[in-house]
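Computed over heavy atoms, backbone and side chain alike; hydrogens, waters and symmetry mates excluded. Owing to the predicted nature of the structure, the values given are computational and were not obtained by experimental measurement.
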Amino acid sequence: MINIKTKEEIELLKIAGEIVGDTHRYLKGFIKPGITTLELDKLAEEYIIKRGAIPSFKNYNGFPYSICTSVNDEVVHGMPSNRKLVSGDIISIDIGACYKGYHGDSAWTYPVGKISTEKEYLLKHTERSLYEGLAVIKDGVRVGDIGYAIEQYARKHKLGVVKELVGHGVGINLHEEPDIPNYGKQNTGHILKEGMVIAIEPMLNLGSPKVFILDDDWTIVTADTEPSAHFEHTVLIEKDGYLILTKR
Ligand code: MG
Ligand code: MG
């Protein structure tokens, strides 16, 4: 069952999304060589709470932190730690905030200091693949159309599409139906309607699409140790397009 949100729900989802976008903007200024991912987690948690929201990820299925920090070959669900960022790293920060029971969800990959041209390429095209996926969204779009758009773009740029993790509906739950894979066939899958709220989140690898999970049971890493990027927005489906709720 895919929920169509009421006007009142959409207002709360807009506020939750705005808090997530603002948290990204706030954190961005701190992403520099020398800071630890745990310090970024604390900054994000304090900021989200100051805005009257709750970090969505904290205690989600037992996840102990407020944000996910995935560095270099870590794809998603990286755990904040005493790891210090160094120049040349890339860090994917995934942020969720829950405002009056409604969630916003957005991830972004940032360069730390000066990064390699390969990593620049990965970031540029993963971000663009997100907008390729968003571009097809309007009332009546099918889930397969979104995945198809992302996958075709990724293939054209020779990036590996992670298949084990997917986008999703967003509402009173952080993850709702339907799943939205970053691959697919046109004209297949659920039909999406005006008033639904979904998170689109391509995860692309510079090398092979293969990933595995570390012994901490959270962190997903690339099998070939090549870097990975993750760009995500929560959007409202509109009659003729979409509205980004997690604008930065
Ligand atoms: Mg998500
Ligand atoms: Mg997310």
Side-chain angles (χ1 to χ4, degrees), residues 3 5 9-32 35-71 74-85 89-110 112 130 165-177 180 197-201 203 213-214 216-220 228-236 244-248:
N3 290 315
K5 268 66 182 182
E9 289 182 303
I10 288 168
E11 284 316 305
L12 295 174
L13 285 158
K14 279 182 177 170
I15 297 171
E18 189 182 294
I19 293 169
V20 171
D22 289 349
T23 308
H24 268 290
R25 224 173 38 205
Y26 172 71
L27 273 195
K28 195 176 175 213
F30 294 97
I31 301 171
K32 288 186 180 127
I35 195 160
T36 68
T37 51
L38 198 57
E39 287 168 321
L40 292 172
D41 179 70
K42 285 279 152 289
L43 288 164
E45 177 171 321
E46 283 163 14
Y47 184 84
I48 291 168
I49 290 170
K50 207 172 79 188
R51 292 288 300 268
I54 298 165
S56 302
F57 301 165
K58 196 152 195 173
N59 304 319
Y60 184 86
N61 291 338
F63 189 77
Y65 300 99
S66 292
I67 59 173
C68 299
T69 54
S70 309
V71 181
E74 296 172 351
V75 181
V76 287
H77 305 164
M79 309 255 254
S81 71
N82 289 321
R83 176 182 190 155
K84 271 193 170 79
L85 296 179
D89 283 343
I90 55 171
I91 179 169
S92 301
I93 297 189
D94 200 346
I95 301 177
C98 180
Y99 181 78
K100 295 192 176 168
Y102 288 83
H103 295 272
D105 185 10
S106 173
W108 215 258
T109 304
Y110 299 92
V112 181
L130 166 63
L165 298 138
V166 296
H168 50 90
V170 181
I172 51 171
N173 297 300
L174 180 61
H175 296 115
E176 297 188 350
E177 286 184 57
I180 305 178
V197 172
I198 54 174
I200 304 298
E201 50 179 315
M203 287 146 263
I213 189 160
L214 293 185
D216 64 15
D217 279 338
W218 280 106
T219 316
I220 310 277
S228 183
H230 183 201
F231 288 82
E232 173 185 33
H233 269 313
T234 301
V235 303
L236 168 68
I244 295 177
L245 302 183
T246 44
K247 256 187 218 123
R248 313 142 44 68

Worksheet item: Would Leu85 and Phe30 satisfy side chain to side chain contact (heavy atoms under 4.5 Å, CB included), going step by step from the backbone distance to the final call?
Response: CA-CA 11 Å; Leu85 296 179; Phe30 294 97; over 6 Å; no

Practice prompt. Kindly indicate, with the supporting measurements, whether the criterion side chain to side chain contact (heavy atoms under 4.5 Å, CB included) is fulfilled by Arg248 and His233.
Written response: CA-CA 10 Å; Arg248 313 142 44 68; His233 269 313; 3.9 Å; yes

Practice prompt. Would you check, one step at a time, whether the test side chain to side chain contact (heavy atoms under 4.5 Å, CB included) holds for Tyr26 with Glu46?
Written response: CA-CA 11 Å; Tyr26 172 71; Glu46 283 163 14; 5.6 Å; no

Worksheet item: So His175 and Tyr60, side chain to side chain contact (heavy atoms under 4.5 Å, CB included) or not? Walk me through it.
Response: CA-CA 11 Å; His175 296 115; Tyr60 184 86; 2.7 Å; yes

List the atom pairs, donor and acceptor, that lie under 3.5 Å between side-chain atoms in residues 93-101 and the rest of the protein, sequence neighbours left out.
none

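The side-chain heavy atoms of Val75 and His230, taken from C-beta on, include no pair separated by under 4.5 Å. With contacts defined as side-chain heavy-atom distances shorter than 4.5 Å, the pair Glu9/Leu12 does not qualify. Looking at Ile91 and Val71, their side chains come closer than 4.5 Å, going by heavy atoms from C-beta outward. Within the 4.5 Å cutoff, the side chain of Cys68 has heavy atoms near those of the Phe63 side chain. Side chains of Val170 and Leu245 form no contact here, defined as non-hydrogen atoms less than 4.5 Å apart. The shortest side-chain heavy-atom distance between Thr246 and Trp108 does not fall under the 4.5 Å cut-off.
When every heavy atom of Ile180 is checked against every heavy atom of Ala199, the shortest pair comes out as CD1-O, 4.4 Å. In this structure, Asp105 and Thr234 approach most closely via the heavy-atom pair O-OG1, 2.6 Å. In terms of heavy atoms, Ile200 sits closest to Leu130 at O-CD1, 3.4 Å. Heavy-atom minimum distance, Ala229 versus Ser92: CA-OG, 4.2 Å.
Side chain of His168 to main chain of Leu174: a donor-acceptor pair is present (N/O by atom type, distance under 3.5 Å, no hydrogens or angles).
In the displayed structure, Lys84 atom NZ is contacted under 6.0 Å by at most 12 heavy atoms of other residues, nucleotides or ligands. Counting heavy-atom neighbours within 6.0 Å of Ile54 CD1, excluding the residue itself, gives a total of 12 or less.
Taken to the nearest 0.5 Å, the CD atom of Glu45 stands 13.0 Å off from the CG atom of Leu40. In this structure, Lys58 NZ and Asp41 CG are separated by 6.5 Å, a value rounded to the nearest 0.5 Å. Taking CG of Asn3 as the start and CD of Glu177 as the end, the distance is 9.0 Å to the nearest 0.5 Å. Rounded to the nearest 0.5 Å, atoms CD1 (Ile10) and CD1 (Ile15) are 12.5 Å apart. Rounded to the nearest 0.5 Å, atoms CD (Glu74) and OG1 (Thr69) are 7.0 Å apart. Between the CG atom of Leu13 and the NZ atom of Lys5 there is a distance of 6.5 Å, given to the nearest 0.5 Å.
Applying the side chain to side chain donor-acceptor pair (under 3.5 Å) test to Ser56 and every residue at least two apart in sequence or in another chain returns His103. Not counting sequence neighbours, Tyr102 has no partner by the ring-ring contact (aromatic ring centres under 6.0 Å, His included) test. Residues meeting the side chain to side chain donor-acceptor pair (under 3.5 Å) test with Tyr47, sequence neighbours left out: Arg51. His77 is linked by a side chain to side chain donor-acceptor pair (under 3.5 Å) to nothing, counting only residues two or more places apart in sequence or in another chain. Residues passing the side chain to side chain donor-acceptor pair (under 3.5 Å) test with Glu39 are Thr36, sequence neighbours excluded.
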